[in-house]
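Everything on this sheet refers to the single structure shown next.
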Amino acid sequence: MQGLGFYPGCSLGSSAREYGDSVKAIAEKIGTRLEEIPDWTCCGATAAHSVNRLLSVSLAARNLSLASQAGHDKILAPCAACFSRLAAARHALEKDGALKDEVASIIERPLDKLPEIVNVLGWLLDVVKEDATQWRKKDLSGLKVACYYGCLLVRPPEVVNFDDPEQPTSMEKIVSATGAEPVSWRSRLRCCGGGFSVSRTGTVLRLIREILEDARTSGADAIVVGCPMCHSNLDLRQRAAVAQGKPMPILFLSQLVGLAAGASPEALGLGHHFVDTKPLLDKVSSGKA
Amino acid sequence: MSSAGPKKPSNAIAQELKEICGEDVVRCYQCGKCTAGCPMAVEADLTPNQIARLVQLGEGERALDCEAIWLCLGCETCTARCPQKVDLAGIMDGMREISLRRNKSKAAKNIRAFHQAFLDQVKTFGRVPEFPLIGDYKLRSGAFFQDILVAPSMAQKGKIKFVPEKVKGAAEVKKIFQKVMAKSQGSEKA
């Protein structure tokens, strides 16, 4: 089995457990061994970079050092925020030798080798690029899906160094590989309100209202996301933002790909959402998808 | 600087920003693209290009106690779109840091409370468990009844970590906080 360094971050085992479950389910199906970075700690997320730059780089850098020490030259961070913080720290440390020395002395760990950070799009694009017969067990044709990139999977371009910040195509490619049809819509790159879910909920409701309405009018059966905050904002907060009308199931990209790879809905955590995914699963299993 | 006569604007803030995030605010030529794409511009008391302009003119102080710098979502739309490749998102981070150093942050109390509650968990446990995070936030913000209706569902779906896990690296993380705070000038309390 091939080993891949894995940084779950604080949410994949709890508030975004479906994300963690579905990533692991895919890994199992395709024969990749996810090697969790030993003794990993919080990347700092939004809070750290919002108040202290040195702190944000240091918290992330500790994990880069641990990953490198564990023998990984590449690590997968499914959470878009964790990905962003780890990649931003790597970028800053590579660019600024003085900063690298300063941070190495703060974290008391070596930073001479920094692993490459891969996000869920980079990982799954690699997975699905293989001949579909190698991995796909279920064809999701008939399903229309709105690909929601959000902010941190493709921005800022110098840090992410993957796909395009204004016209990305990776998520659509991945979705197409499952047989599902990505819809054309405007809100792919709009912010969902990120970390303001608790501290400024009104903003999140305003932002997600537009995203949900756009997905609805574009004919999507579901929105797929690659971030725990996007998922929470669109799923948990959906009823508060849009009180009437047909609910819009929100899936992690890994749940969609997992379904196509033959994993069960239970294994993919599809029963834990706030917006019921059953209508979508019925469409998939009835062969209409 | 002479103490008599009109106060000369100083560009200490532009200099501090350069030290924190390496950005030269002077490169901004006020095209407004950042503001056009900013999801918070409609809610904020100052827009991104206005903040850049204030700093350029030596009036950055006026942006330090505004709500706008705390309303920034860090969505990176501005940074991605700037034709001059000015890292506006990095500058907003820097303005927040300067505001805290100078104890100027008065607005957006709940947002600052959440950042602080989050960092409390990181500093204490090395990772962030949901229940203590929300508890800490509620004590700081006074928003005791917030989300009280979704909490049972969250718990039932297994989405809340009630008890922090034992993380060996927690001690190292605590030390990182101590060393960084020792280096920073002034208080880091949000």
Side-chain angles (χ1 to χ4, degrees), chain A residues 9-11 13-17 39-42 44-56 58-59 62 66 84 92 95-96 102 105-109 150-152 154-159 165-166 189-191 193-196 198-203 206-207 236 271-274, chain B residues 20-22 39-40 43 70-77 79-81 85 87 89-90 93-94 96-97 100 108 110-111 113-116 118-119 121-122 126-130 134 137 141 146-147 150 153-154 157-161 167-170 172-173 175-177 179-180 183-184 188 190:
Chain A
C10 304
S11 61
S14 45
S15 50
R17 56 176 292 192
D39 199 30
W40 63 266
T41 45
C42 182
T46 300
H49 81 75
S50 294
V51 303
N52 189 300
R53 196 200 184 223
L54 190 57
L55 179 68
S56 80
S58 302
L59 290 174
R62 178 177 185 272
L66 289 171
S84 186
K95 239 175 42 164
D96 187 344
E102 189 180 10
S105 102
I106 286 174
I107 68 174
E108 292 173 25
R109 285 184 178 275
C151 302
L152 304 177
V154 294
R155 296 194 293 266
E158 288 86 12
V159 163
E166 298 285 5
L189 295 160
R190 286 197 185 140
C191 185
F196 284 177
V198 171
S199 56
R200 200 174 168 98
T201 315
T203 291
R206 169 175 71 86
L207 294 170
L236 189 157
H272 298 295
H273 295 211
F274 278 84
Chain B
I20 293 172
C21 62
M40 296 306 286
E43 288 187 45
W70 292 102
L71 295 186
C72 167
L73 283 163
C75 75
E76 304 278 346
T77 304
T79 294
R81 290 184 180 172
K85 298 220 182 298
D87 181 7
D93 276 344
R96 286 188 282 265
E97 187 166 342
L100 290 171
N110 283 0
I111 291 171
F114 192 82
H115 291 325
Q116 200 53 55
F118 192 97
L119 291 174
Q121 309 312 309
V122 182
R127 295 179 191 173
V128 181
E130 288 81 8
I134 299 302
Y137 169 71
S141 64
Q146 176 163 354
D147 288 331
V150 293
S153 299
M154 284 280 284
K157 291 172 194 292
K159 292 197 183 198
I160 299 186
K161 204 161 254 143
V167 179
K168 248 178 45 181
E172 272 184 55
V173 170
K175 202 168 177 196
I176 291 175
F177 270 81
K179 290 172 92 168
V180 169
K183 279 189 176 239
S184 305
E188 286 305 329

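We name chains A, B, ... by the order of the sequence lines, and we start the count at 1 in each one. Predicted model only: the values in this text are computed from it and were never measured. Just the heavy atoms: all of them, side chains too, but no hydrogens, waters or symmetry mates, feed the values below.
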What are the two closest heavy atoms between [X] and [Y], and how far apart are they?
X: A:Ala45; Y: B:Phe118; result: CB-CZ, 3.6 Å
X: B:Gly126; Y: A:Thr41; result: O-CB, 3.4 Å
X: A:Phe196; Y: B:Ile111; result: CZ-CD1, 3.6 Å
X: A:Ser199; Y: B:Phe114; result: CB-CB, 3.8 Å

Side chain from CB out, backbone as N, CA, C, O: work out which of these in [X] comes under 4.5 Å of a heavy atom of chain A, or both, or neither.
X: B:Lys159; result: both
X: B:Ile134; result: side chain
X: B:Asp93; result: both
X: B:Ser141; result: neither

* To do: Without swapping roles, check the side chain of B:Glu130 against the backbone of A:Ser14 for a donor-acceptor pair under 3.5 Å.
  => no

Output the distance between atom [atom1] ([X]) and atom [atom2] ([Y]), rounded to the nearest 0.5 Å.
X: A:Cys191; Y: B:Glu76; atom1: SG; atom2: CD; value: 10.5 Å
X: B:Lys161; Y: A:Arg17; atom1: NZ; atom2: CZ; value: 11.0 Å
X: A:Leu59; Y: B:Leu119; atom1: CG; atom2: CG; value: 8.0 Å
X: B:Lys183; Y: A:Ile106; atom1: NZ; atom2: CD1; value: 5.0 Å
X: A:Asn52; Y: B:Glu97; atom1: CG; atom2: CD; value: 4.5 Å

Given that the side chain runs from C-beta out, which part of [X] has a heavy atom under 4.5 Å from chain B: side chain, backbone, both or neither?
X: A:Leu236; answer: side chain
X: A:Leu152; answer: side chain
X: A:Ser105; answer: backbone
X: A:Arg190; answer: neither
X: A:Arg62; answer: side chain
X: A:Leu207; answer: side chain

Between [options], which shows the greatest number of heavy-atom pairs under 4.5 Å with chain B?
options: A:Ala92, A:Gly195, A:Ala47; result: A:Ala47
options: A:Glu166, A:Lys95, A:Glu158; result: A:Glu166
options: A:Pro156, A:Gly193, A:Cys10, A:Ser15; result: A:Ser15

* Asked: Where do B:Trp70 and A:Arg200 land on the side chain to side chain contact (heavy atoms under 4.5 Å, CB included) test, with the steps shown first?
  -> CA-CA 11 Å; B:Trp70 292 102; A:Arg200 200 174 168 98; over 6 Å; no

* Do B:Thr77 and A:Arg155 have side-chain N/O donor and acceptor atoms under 3.5 Å apart? ->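 Note: B:Thr77 and A:Arg155 side chains meet the donor-acceptor criterion.
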
* Go through the side-chain N and O atoms of A:Thr203 and B:Glu43 and say whether any donor and acceptor fall under 3.5 Å apart. => yes

* To do: Report the C-alpha separation of B:Lys157 and A:His273 in whole Å, then their side-chain angles, then the decisive distance to 0.1 Å, and conclude whether the side chain to side chain contact (heavy atoms under 4.5 Å, CB included) test is met.
  => CA-CA 8 Å; B:Lys157 291 172 194 292; A:His273 295 211; 5.8 Å; no

* Side chains of B:Val173 and A:Cys42: closer than 4.5 Å at any heavy-atom pair? ->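 Not touching, per the 4.5 Å side-chain cut-off.
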
* **Close side-chain approach of A:Ile107 to B:Lys175, heavy-atom, < 4.5 Å** => no

* Asked: Any cation-pi pair here, B:Arg127 with A:Trp40, using under 6.0 Å and within 45°?
  -> yes

* Asked: Do you know which of B:Ala80, B:Gly74, B:Ala170 has the most heavy-atom pairs with chain A at a distance under 4.5 angstrom?
  -> B:Ala80

